[in-house]
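What follows is a set of notes on a single structure, which appears directly below.
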Amino acid sequence: MEYNFREIEKKWQQRWVANQTYRVTEDPEKKKFYVLNMFPYPSGAGLHVGHPLGYIASDIYARYKRSQGYNVLNPMGYDAYGLPAEQYAIQTGQHPAITTVQNIARYREQLDKIGFSFDWNREIRTCDPEYYHWTQWAFIRMFGSYYDNAQGKAMPIEGLVAHFEQNGSEGIDAACSENLEFTAAEWKAMSEKEQQEVLMNYRIAYLGETMVNWCPKLGTVLANDEVVDGVSERGGYPVVQKKMRQWCLRVSAYAGRLLEGLDRIDWTDSLKETQRNWIGRSEGAELTFKVKDSDVEFVIFTTRADTVFGVTFMVLAPESELVATLTTPEQKEAVEAYLDATKKRTERERIADRRVTGVWSGSYAINPLTGESIPVWISDYVLAGYGTGAIMAVPAHDSRDYAFAKHFGLEIRPLIEGADVSEESFDAKEGIMMNSPRPEQKGECDLVLNGLTVKEAIARTKEYIKEKGLGHVKVNYRLRDAIFSRQRYWGEPFPVYYKEGMPYMVPESCLPIELPEVAKFLPTESGEPPLGHATVWAWDTVNNCVVENAKVDNVTIFPLELNTMPGFAGSSAYYLRYMDPHNHEALVDDKVGEYWQNVDLYVGGSEHATGHLIYSRFWNKFLYDLGYSKNDEPFQKLINQGMIQGRSNFVYRIKDTNTFVSLNLKKNYDVTPIHVDVNIVSNDVLDIEAFKAWRPEYNDAEFILEDGKYICGWAVEKMSKSMFNVVNPDMIVEKYGADTLRMYEMFLGPVEQSKPWDTNGIDGCHRFLKKFWGLFYGRNGELLVTDEAPTKEELKSLHKLIKKVTGDIEAFSYNTSISAFMICVNELSSLKCAKKEILMPLVVALAPFAPHVCEELHELLGGEGSVCDAQWPAWNEEYLKEDSVTYSISFNGKTRFTLDLAADMDNATIEQTVLANENTQKYIDGKTIRKVIVVPKKIVNIVIS
RNA sequence: GCUCGAAUGGUGGAAUCGGUAGACACGAAGGACUUAAAAUCCUUUGGCCAGUGAUGGCUGUGCGGGUUCAAGUCCCGCUUCGAGUACCA
């Protein structure tokens with residue numbers, strides 16, 4: 001029998017479906033293992049060979065774990081909402097719901113051909129009302145919660161209300177947008193609307209007036225991680241800053257826990273580092289400055305409290321509320337002109353053109369330590385969103401302050417011994433302090449830092465500030481709250497209606513609020529959300545439903561929120577829903593959640609480091625606080641699969657002709673490289689007939705060949721249609737089979753490494769499978785398998801393999817385990833070994849990589865059930881031991897001798913072996929062996945004299 | 001600018017703890033089978049030198065130093081490439 005992969009793969013894929021082989025249910029008798037892939041956006045282009053890389057890697061691990069007796073959850077679904085799906089729908093002019101369903105069908109068809117062990121009974125789609133019910137539910141819970149800093153967790157907002165009624169804001173330590181102070185009496189005196197506004201300051205999901213990244217071309221706001229270099233990540237359109245009322249999630253409340261949690265999870269260091277940078281913890285002090293001749297005070301944040309004696313000016317962010325207060329009448333005109341100019345610059349212009357700009361406010365601040373008067377400036381190098389939006393400037397020791405001081409001719413006072421600040425600032429946090437204070441500052445202040453190191457001085461100053469009540473120690477995070485509204489159609493609707501301008505949640509029992517049909521789903525540049533085009537979109541508070549054919553009367557019928565949720569909303573807790581996807585009563589049943597806990601192995605791209613992987617951790621921590629998630633961290637181990645790049649091929653046309661010259665001859669001509677479809681090139685050799693047929697203009701092309709062939713050039717580029725380098729997995733499966741595709745994708749190199757797709761080597765993997773098949777069936781199709789007892793040599797080959805593969809799978813080193821299979825099959829093949837006792841474990845071990853052919857052969861060997869339920873083979877060290885070790889040494893090409901080394905050389909140490917051999921000195925050509933350096937099993941070096 | 005990572009034959013890559021560098025695969029060259037092709041199998045394959053030959057010698061993991069009996073691996077200083085981040089006070 002020949003290795004007929006088409007029949008085998010079809011047969012087993014059908015049987016897996018019929019037998020529900022990959023269906024998984026909670027089984028308290030078995031240990032659980034949860035494997036998860038980042039679910040795909042079903043884009044219109046379908047899958048290319050790069051997409052399944054991570055799925056194959058995780059599928060191998062899932063099958064391996066299952067073989068080891070674990071109850072493995074390995075689900076798959078689609079992230080169908082959000083910008084990419086909608087952009088595709090806009091491009092094709094079709095309704096996103098229709099294109100999404102089509103795209104999903106296409107994805108599924110492609111995925112099914114590769115033979116994954118997904119439990120499709122658990123499939124979820126983020127755009128399915130059954131699913132986004134729980135996205136809306138989580139949002140309602142976030143609206144109904146605040147973050148208690150003292151307890152370090154989210155709490156119901158009712159508790160906060162009770163506290164306000166008793167004690168006002170006294171004794172509350174909660175994450176908030178703005179520090180408010182009021183008494184219980186003041187709270188009670190507030191109107192409902194006023195109280196709601198106060199609560200909004202604390203809610204985890206809140207409506208905030210914030211500066212947002214507005215992308216006019218996309219017609220929506222974007223989160224910080226969706227903006228790259230001042231343009232939108234998707235489409236590359238300009239982004240401007242705009243103040244808008246938006247739903248926000250108080251992610252910043254969790255900054256500390258998000259940072260600290262990184263120490264407890266098994267992610268790569270680089271990914272953790274990226275998240276640490278994004279969270280951006282910095283420890284410093286807040287210091288209060290009074291404004292000269294005024295009652296006004298303001299607070300600045302600094303990490304360099306030690307430099308307080310070198311402050312020569314203050315700077316406010318242009319957006320700061322203090323700007324209006326501190327601008328003097330004489331400076332009003334200049335300041336307003338400056339603010340106007342700043343507003344006009346987009347984020348991108350600010351990045352591209354880093355001019356020093358600014359204007360004096362006219363006011364002075366008082367240094368709280370020395371009593372000096374310091375001018376207050378306004379400049380856009382200070383950001384409103386970080387710290388307090390105001391800084392104390394120390395030009396001698398901060399390069400930005402330095403540039404500003406040089407530009408405007410402000411004083412620069414060095415504070416560290418030996419620091420030369422004539423050309424540039426000295427930013428390093430090291431050295432010995434001086435001039436702190438200067439003699440003329442001394443009278444006002446009893447703090448002396450001179451002679452201390454910078455680190456000591458920082459600590460000393462912080463203490464002093466605390467003692468004197470001038471400020472306090474503070475930890476700041478760079479992480480901002482997530483903006484959660486999108487002016488888009490294709491997203492989850494908010495379960496929110498508005499009464500007198502204040503938002504109210506619809507009752508949880510009325511969920512989900514389904515996305516309505518609209519006349520036009522295209523976004524508008526003005527920012528009016530497409531849901532405004534819905535004919536019916538209001539909430540009836542009497543009947544508790546979305547109303548049809550009724551008008552908003554603001555008495556019983558109120559307008560619903562017109563924005564929708566962003567792409568990351570649906571992807572933030574999907575791993576929890578996979579545990580219990582058909583539950584109508586809860587996101588996850590409590591017992592089911594307790595069983596599956598969290599994801600043990602998560603596989604996906606590192607591009608989600610500052611987006612999905614932050615939001616998901618936040619969302620999970622929130623649900624954990626409320627008891628719905630059972631583990632504080634959602635993804636225990638994370639593997640980033642590398643990107644598969646394209647490998648483009650080129651032909652070289654001689655200028656102004658239709659003649660093409662082969663790669664190694666092109667230097668003799670003036671040529672233009674032209675992309676050629678990689679599918680008509682094999683091992684860089686062009687299929688000339690296919691090329692002529694490819695495009696009409698090449699029908700009569702002429703070729704200058706080398707060795708009778710046309711060799712194409714190549715380059716690594718992004719895989720894209722325009723480069724003609726897209727390779728479709730369906731075509732590979734058709735030509736070589738899914739098992740070959742799976743093995744080759746893994747053989748290409750380490751899973752975590754980015755690499756170009758190169759079809760050239762695939763024959764090697766296909767040949768391997770044929771050889772493997774050849775162990776079972778002879779050339780003429782005769783069955784070779786016997787029940788004979790295996791020899792020692794055969795056992796050694798097998799056990800060496802099992803040991804290697806088991807270790808390699810654990811380390812995700814799939815390429816080396818495939819090499820081990822190749823070696824083993826070659827060995828068995830030359831031993832003509834077709835013994836069942838050897839072949840059975842081999843089949844089980846290979847099954848995660850090549851499941852179809854292994855199912856077939858497992859059945860042939862008489863195995864029961866599916867091969868993925870067969871027990872993973874164990875290895876026996878006894879079989880791996882060497883019988884005797886003889887070391888042959890040759891010297892000067894003539895003399896050979898054999899060292900008679902101790903039998904327990906395997907365990908010998910270097911010292912022992914050197915000694916052992918010095919005691920038995922031997923002579924070679926009259927020279928003495930001085931030393932023989934031996935490590936277990938190996939002679940490494942011989943020193944002679 | 002800062003942070004992290006990488007660099008090994010013609011190509012993808014291996015070397016798990018500092019221990020025979022180049023496993024495994026592709027490609028290439030030569031051979032067997034075949035009317036021929038495909039498929040399959042066998043041999044050679046980092047570079048240089050010597051030898052009819054078995055074989056031997058030298059050299060070799062981006063560059064320059066160092067530690068060590070021993071360095072692709074550890075340390076110091078560079079070069080190049082990639083990723084992340086960027087007025088974060």
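Below, read A as the first sequence line, B as the second, and so on, with proteins coming before strands; counting in each chain starts at 1. Reckoned from all heavy atoms, side chains included, excluding hydrogens, waters and symmetry mates. Note that the coordinates shown come from a computational prediction; the quantities given were computed from them, not determined experimentally.
Across all strands shown, A32(B) forms a Watson-Crick or G-U wobble pair, both distances under 3.5 Å, with U40(B).
Separating the P atom of U61(B) from that of U11(B) is a span of 16 Å, rounded to the nearest Å. Nucleotides G18(B) and G13(B) have their P atoms positioned 23 Å apart, rounded to a whole Å. Going from the C1' atom of G56(B) to that of G51(B) covers 9 Å, rounded to whole Å. Rounded to whole Å, the C1' atom of C41(B) lies 44 Å from the corresponding atom of G5(B). Taking atom C1' in both A6(B) and G12(B), one finds a spacing of 16 Å when rounded to whole Å.
Using a cut-off of 4.0 Å between Lys/Arg side-chain N and Asp/Glu carboxylate O, Asp263(A) and Arg276(A) are scored as salt-bridged.
Atom P of nucleotide C26(B) and atom CG of Asp758(A) are separated by 13 Å, given to the nearest angstrom. What separates CE of Met643(A) from P of A83(B) is a distance of 9 Å, to the nearest Å. Distance, Tyr744(A) OH to G13(B) P: 10 Å, rounded to whole Å. If you take NZ of Lys429(A) and C1' of A89(B), they are 10 Å apart, rounded to a whole angstrom. Computed from coordinates, the Gln753(A) CD to C81(B) C1' distance equals 13 Å when rounded to whole Å. Note: CZ (Arg281(A)) to P (A89(B)) measures 12 Å, nearest angstrom. Note: CG (Leu769(A)) to P (U40(B)) measures 13 Å, nearest angstrom. Distance CZ (Phe772(A)) to P (C24(B)): 19 Å, rounded to an integer number of Å.
Within the nucleic acid shown, Arg779(A) comes within 4.0 Å of sugar-phosphate atoms alone, with no base atom in reach, counting heavy atoms only. Within the 4.0 angstrom heavy-atom criterion, only backbone atoms of the sugar-phosphate kind lie near Leu748(A); the bases stay farther away. Asp427(A) comes within 4.0 angstrom of no nucleic acid atom, judged by non-hydrogen atoms across all strands. Within 4.0 Å (heavy atoms only), Pro750(A) reaches sugar-phosphate atoms of the nucleic acid but no base atom. Looking at heavy-atom distances under 4.0 Å, Asn277(A) makes no contact with the nucleic acid at all. Within 4.0 Å of Arg480(A), counting heavy atoms only, lies at least one base atom of the nucleic acid.
Interatomic distance, Phe776(A) CZ to Leu784(A) CG, rounded to the nearest 0.5 Å: 10.0 Å.
Between Glu286(A) and the choices Thr388(A), Ile465(A), Ile300(A), the side chain to side chain contact (heavy atoms under 4.5 Å, CB included) rule is met once, by Thr388(A).
One can find a donor-acceptor pair under 3.5 Å joining the base of U16(B) and the side-chain atoms of Lys804(A).
A centroid separation of less than 6.0 Å is found between the aromatic rings of Phe313(A) and Phe404(A). Ring centers of Tyr744(A) and Tyr736(A): at least 6.0 Å apart, outside the cut-off.
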